[in-house]
Amino acid sequence: MKRTVLTMLSICACSMGFNAVAQTSTQLAAEDHPWWQRAVFYEIYPRSFADSNGDGVGDLKGIASKLDYLKNLGVDAIWITPCFPSPQVDFGYDVSDYENIDPMYGTLADFDELAREAEKRSIRIILDLVVNHTSDQHKWFLDSKSSRTSEHRDWYIWRDGRGPGQPPNNWVSTFGGSAWKLDPATGQYYYHYFYPEQPDLNWRNPAVRGAMFDVTRWWYKRGVSGFRLDAVDTLFEDPELHDNPIAHPGTNAFGDPFEENKYNTKLPEVHDVLQGLRKIADEYGAVLIGETWTADVHELNHYYGADHNELQLPMDFLFTTVNKLSAADFRKQIAEVNTASGWPTFVISNHDIVRSYDRYGDGEHNDQIAKLMAVLYLTLRGTPILYYGEEIGMKTTPPARVEDVKDPIGRKGWPKEKGRDGERTPMQWDRSKNAGFTTGTPWLPVSPTYKTHNVAAESKDPNSVLQFYKQVLKLRHTNQALLYGTYTAINEDDPNVLSYLRVYNGQGVVVVLNMSNVPRNVTLPLKANGFSSARNLISTGVAAPRAGKLSLPAFGAFIGELCVKSAPTARQ
Ligand code: NOJ
């Protein structure tokens, strides 16, 4: 005799929230999302990543030797900061030849080998294009400087002084001092937004545009999948050279006035250049990432382009300006970038700013907080860019004495500005001498934390920051809600716990982050969002919620899969 049993499945079906179902038609199919929306990017500062030849400086062969590590971590694309020939005044951001590799890092053959090995592992390579300036040793500048009538004179910004010993205007370099340097031989000043060894290119000259565009083609043909564009907002200057207004009284770490960079940054002409670069990138299916420091999301929007024809991934640095672990501040930031006209790009650290480990760490629960931050930027709607060492909880270790500083701005601005050495210390691979980074003398001292925070030790410890990163990255790669889902903030009034839903075609994930140093209880509005419960996917000491109630320890993080009880089904 046939028995018909009506049963309510109590095991989570974990699919199709009611509200979520309605979204199906409006969301893109997974395969329609471009590769750079699915990818996890990883920034490598090549000097500091892995040294293959014992000279104390990392190199391309070193990077190649770590590709398996990166693959295993869950990295899809590596962004290598400039590895082109350079006098290294700004550690590579002063390029003297855009179509070669600095001998310190290897050869073009090493690059090709790295590209081949990366491709075998489906890891893409992104290079760093320094578009605003070259090195003063670049052949274009050497020629430009050689005479007022040289072929390349107009490739840079040359002007007469205002009067004897007076630069053309009041602009100051962001790295200290006047932004103008007198060339006594030709009697004119050239403009440099950064160091004097980094003269600004004249992007109003079509020849400059053509040459730089060709550089991108040259590398695309060699297999790179895109560029991170350096300092895009400084490409153009007011041709009339109006003085910048003084923003407020006082002087900065270099003793310069606080200027509002009204006439030498963020000029609208940059968009035409970005559109040109994007056209070429599109021919190669490549991505353009921007170093886009913006005041607000409105400014950020400009970089996507009015017709989505500029940068695919302008970095949201506003996120890094949240200077304390505050649920309310992060919620506000995320909400803002969610209104952006394009796909968000999240970074929490890079080679120019204090690492997130120190920005948000309280000195006692830093590893726990590092895990919390990992959940945050790896589960948001957008592309994350990890900075090397974040995944093992690397600490910023600035030099203690001015005589040890390598970064010129640190020498110039000491002690107010200690430079950026602290966030560029060598990657910590193991407990051996120099953390396994080099057999020689490292160009910067290894952080003393390498004994506890290194890849080898953390690979063996199931509770390490590294293992946690691996878990979250694995989930991110396989969970479509995390990859493509909508972002909805929940419990928005909670000042301590940041929580949100990610929902894609009925599949849902809830993320709950206790950003305070005491345990917190929250009630998740699951029903209101069409779900009945949440199943623990990844958490730091948090049990799955019961009846929507969740208890989080201090700095606890929870990622749960949202479930909906199936409608009664007939089982026969
Ligand atoms: C931004 C880079 O990230 C920084 O390291 C560099 O010093 C400046 N641009 C100048 O290229």
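We count residues from 1, following the sequence as given. Counting convention: from 1, in listed order, for ligands and their atoms alike.
Close approach of ligand 1 to H133 (heavy-atom distance below 4.0 Å) involves ligand atoms 10 (C), 11 (O). Residue R424 has at least one heavy-atom neighbour below 4.0 Å for each of these atoms of ligand 1: 5 (O). Annotation for ligand 1: atoms under 4.0 Å from non-hydrogen atoms of H351 are 2 (C), 3 (O), 4 (C), 5 (O). Taking a cut-off of under 4.0 Å to the non-hydrogen atoms of R420, the atoms of ligand 1 that pass are 4 (C), 5 (O), 6 (C), 7 (O). Less than 4.0 angstrom separates some heavy atom of E291 from each of these atoms of ligand 1: 1 (C), 3 (O), 9 (N).
The cationic atom of R153 (NZ for Lys, CZ for Arg) does not lie both less than 6.0 Å from the six-membered ring centre of W155 and within 45° of the ring axis. Geometrically, R124 engages W35 in a cation-pi contact, judged by NZ or CZ lying under 6.0 Å from the ring centre and within 45° of the ring axis.
Distance from atom 5 (O) of ligand 1 to its nearest protein heavy atom, with residue and atom name: D352 OD1, 2.8 Å. Scanning all protein heavy atoms for the shortest distance to atom 10 (C) of ligand 1 gives D90 OD2, 3.4 Å.
Within the 4.0 Å heavy-atom criterion, the part of F175 lying near ligand 1 is the side chain and not the backbone.
Residues F346 and R381 approach most closely at CE1-O, 3.4 Å, considering heavy atoms. Here the closest non-hydrogen pair linking R476 and L378 is NH1-O, 3.0 Å. Listed here is the closest heavy atom pair of D94 and V89: OD2-N, 2.7 Å.
Around atom 2 (C) of ligand 1, the closest heavy atom drawn from T174, D94, D230 belongs to D230.
Of the possible donor and acceptor atoms, none in the side chain of D55 sits under 3.5 Å from a partner among the backbone N and O of N53.
Look at E43 and you'll find every heavy atom at least 4.0 Å from all atoms of ligand 1.
Taking the side chain as every heavy atom from C-beta outward, S173 and H192 approach each other to under 4.5 Å.
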